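Okay, so here's the structure we're looking at.
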Amino acid sequence: QEILKKMVEAQGGKELFEGIKDMTLSGNLEIIQQGMSGALTVYKKEPDKRRADIEVQGFVITQAYDGQTAWGTNLQTFATEAFSGEDAASLKRDSLPIVAGLYPEKYGISFVYKGKEKIGNKDYFVLEESYPDGFKATLYVDPETYLPFKTKARTTAPMIGEAEIEQISSDYRKVNGMTLAHSIVTYTNGQEYTKITISVVSFNTGLDDSLFKMK
């Protein structure tokens, strides 16, 4: 509880979290092993909507959750379709409200403190995070800043299959009072897979519900 509370404070605090109605992040996504990159825009609307658009080689790939239905671009046919299984569950988890970090029990999320683990020259706090759908992730928290450093989980990813996914967050910057990672590198089975670089973040721009609906 103490670590979670300090994490919220480090990222901006309870009042700031509760004041966010929507947020938009834009930047660049590199797909390392395929040598591709493209523009990325992520839209988040409270309490349960999210959409990500990636523009790569003239195509726009979308993944979204409208509060009920997970949908997006089929990477083989490029048709828009409803998702099911782990793809849908993952999008639903990603769409949880920003305040889920404040009130995890309200959203069926539980944390167990697993002690410390040394990475480089730091002893990171280790928390096991469990979701109501059975998904588990391990969260590594910087003991100096109380900002998330790494998350690790086993999951099934499109075009990869079952894999161990690690995400390392860095280049934290304060935007309108909220401290956010501007660099997120994802490793799949130990290999660098994607790198997201955030360049612009905006809050409370009045995103419309229609943006998140499947068309």
Side-chain angles (χ1 to χ4, degrees), residues 20-34 36-101 104 106-110 129-139 148 151-167 169 181 184-189 191-196 198 207-215:
I20 295 171
K21 306 303 177 196
D22 64 59
M23 63 189 292
T24 304
L25 301 90
S26 57
N28 186 67
L29 170 74
E30 295 175 62
I31 305 169
I32 308 295
Q33 292 173 354
Q34 295 174 28
M36 296 192 299
S37 67
L40 167 71
T41 308
V42 179
Y43 306 94
K44 176 84 180 78
K45 184 173 182 179
E46 298 298 84
D48 55 7
K49 295 175 178 62
R50 187 180 188 274
R51 173 175 175 150
D53 291 330
I54 306 160
E55 192 174 334
V56 180
Q57 297 182 337
F59 292 100
V60 176
I61 298 165
T62 298
Q63 290 190 326
Y65 184 72
D66 67 3
Q68 292 184 316
T69 302
W71 62 275
T73 308
N74 181 308
L75 296 178
Q76 262 109 30
T77 64
F78 287 95
T80 299
E81 62 184 29
F83 290 160
S84 60
E86 178 52 35
D87 291 345
S90 175
L91 281 168
K92 188 176 180 181
R93 287 192 300 271
D94 288 344
S95 305
L96 282 165
I98 292 163
V99 293
K106 181 178 176 183
Y107 300 95
I109 302 167
S110 62
E129 188 175 9
S130 300
Y131 288 82
D133 63 1
F135 181 80
K136 290 182 186 293
T138 306
L139 179 62
T151 58
K152 183 169 72 175
R154 287 205 70 79
T155 188
T156 304
M159 301 182 76
I160 299 170
E162 190 173 333
E164 183 171 86
I165 308 290
E166 290 186 313
Q167 280 193 337
S169 301
I184 302 164
V185 180
T186 300
Y187 294 83
T188 304
N189 292 331
Q191 299 291 311
E192 193 175 23
Y193 188 65
T194 62
K195 180 178 181 181
I196 293 170
I198 301 298
L207 297 178
D208 195 89
D209 285 358
S210 62
L211 177 67
F212 304 91
K213 291 285 185 189
M214 185 165 69
K215 297 181 177 61

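Since the model is a prediction, treat every value here as computed from it, not as a measurement. We number each residue from 1, following the sequence as shown.
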Mind checking salt bridge (charged side-chain N to carboxylate O under 4.0 Å, His left out) for E30 and listing every partner two or more places apart, or none if nothing turns up?
-> none
Are the charged groups of D53 and R51 less than 4.0 angstrom apart, N to O?
-> yes
So, K152 and T138: side-chain donor and acceptor under 3.5 Å apart, yes or no?
-> no
Determine, stepwise, if the pair Y43 / F212 fulfils side chain to side chain contact (heavy atoms under 4.5 Å, CB included).
-> CA-CA 9 Å; Y43 306 94; F212 304 91; 3.9 Å; yes
Tell me, with the steps shown, if F83 and Q63 meet side chain to side chain contact (heavy atoms under 4.5 Å, CB included).
-> CA-CA 9 Å; F83 290 160; Q63 290 190 326; 4.3 Å; yes
Residue that, paired with F135, satisfies side-chain contact (heavy atoms from CB on, under 4.5 Å) out of R154, R93, K92 = R93
Aromatic ring pairing F78/F59, orientation class (parallel under 30°, perpendicular over 60°, tilted between) | parallel
Between T80 and G72, is there a donor-acceptor pair closer than 3.5 Å when you use the side chain of the first and the backbone of the second?
-> no
State, without any angle test, whether E164 and N189 hold a side-chain donor-acceptor pair at a distance under 3.5 Å.
-> no
Answer yes or no: is there a donor N or O on one side and an acceptor on the other, between the side chain of D66 and the main chain of T69, under 3.5 Å?
-> yes
Using only heavy-atom distances, determine whether the side chains of Y131 and E129 contain a donor-acceptor pair under 3.5 Å.
-> yes
Contacts of type side-chain contact (heavy atoms from CB on, under 4.5 Å), residue D209, not counting sequence neighbours = K45, K49
Go through N28 and I196 one step at a time and tell me if the side chain to side chain contact (heavy atoms under 4.5 Å, CB included) criterion holds.
-> CA-CA 6 Å; N28 186 67; I196 293 170; over 6 Å; no
Apply the test side chain to side chain contact (heavy atoms under 4.5 Å, CB included) to residues K195 and I32: give CA-CA distance (whole Å), side-chain angles for both, the deciding distance (0.1 Å), then the verdict.
-> CA-CA 7 Å; K195 180 178 181 181; I32 308 295; 4.3 Å; yes
Drop me the distance from K106's NZ to L96's CG, to the nearest 0.5 angstrom.
-> 11.5 Å
